[in-house]
K.L.:
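A single structure is presented below for examination.
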Amino acid sequence: MTPAIEIRNLRYRYHDGTEALRGVSLRIQPDECVGLLGPNGSGKSTLLLHLNGILPEEGPPEGTVLVFGRPVVPENLPLIRRQVGLLFQDPDDQLFCPTVADDVAFGPQQLGLPEPEIRARVQRALAAVSLEALADRPTHHLSHGEKRRACLAGLLAYEPALLVLDEPTSGLDPRGRREFKSLLRRLPGTKLIATHDLELVVELCPRCILLDEGRVVADGSTVELLNNEPLMLAHGLERPHILLHTHPHPSHVEPRTA
Ligand code: ADP
């Protein structure tokens, strides 16, 4: 099967010389939901920005990035951007139309869909994120959580096959996080989620990839990775408490007493 994402030996250096990616290789199959973990500055956002060709800013990448088998190179970007829905870390970088409904309609309009189809998609996307009541609200009058949901509705409206999410639950309150996770769980398609929210990862992502200093340092089952305390601590993370209840490590199981 053609992987949804295939990256081979990807390197990226910012203009100031910072080496953000130092030879990343990974492969994600269609319909997988994969967590991308790593301390701040490990290269997660830089990696995600390569998946719809925001980076590199000019020319082809150094290394190979394929989305559904198609190289992410300048001549393929119009097609690639129809397949990849990238949720930015900061919703203010994503929302730019006067109202929520306008913003959500932008993607389907770019696809050149007929007006009734656009309206239907906007309705569906707003309903999926429970924002119907705020359709006519100016986007700058939304709360942070509502902005995130509006951004996600904007992606859903053009039905991308691959969702790439950068810290989707940061800044959300517990109820906002819960609702966001339940929404993600219901969405079809391939998902790659960069996050520090290890609960989200345990609940939604059977597999995780751990980045540090621009390299993949681990790739495998979420439960195994997160239960590996030395690995987690070595890369600025910690073993989440939720695992104690759902998937206890053998060394943490209390001996039975008679
Ligand atoms: P993460 O998403 O894991 O926090 P980033 O991809 O944002 O990591 O950053 C990777 C490295 O690239 C870090 O050292 C960061 O300081 C650097 N970096 C990120 N954006 C820029 C930029 N625009 N210019 C220069 N360096 C950057």
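All ligand and atom numbering here is 1-based and tracks the order in the structure. What you are looking at is a predicted structure, and each value in this text was computed from that prediction instead of being measured.
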K.L.:
Are any non-hydrogen side-chain atoms of Val201 and Thr195 less than 4.5 angstrom apart?
P.N.:
yes
K.L.:
For ligand 1, list the protein residues that place a heavy atom within a distance below 4.0 Å of one of its atoms, sorted by chain and number.
P.N.:
Tyr14, Asp16, Thr18, Ala20, Pro39, Asn40, Gly41, Ser42, Gly43, Lys44, Ser45, Thr46
K.L.:
Using the rule that two of Ile, Leu, Val, Met, Phe, Trp, Tyr join whenever any of their side-chain heavy atoms come within less than 4.5 Å, decide whether Leu204 and Leu163 are in one cluster.
P.N.:
yes
K.L.:
Counting only heavy atoms from other residues, nucleotides and ligands, does the tally under 6.0 Å from CD of Gln123 exceed 12?
P.N.:
no
K.L.:
Met1: which other cluster members, linking ILVMFWY side chains closer than 4.5 Å, directly or transitively?
P.N.:
none
K.L.:
Using side-chain heavy atoms (C-beta onward) and a distance below 4.5 Å, is Thr139 in contact with Glu146?
P.N.:
no
K.L.:
Is it the case that Thr169 and Asp197 place a side-chain donor and acceptor less than 3.5 Å from each other?
P.N.:
yes
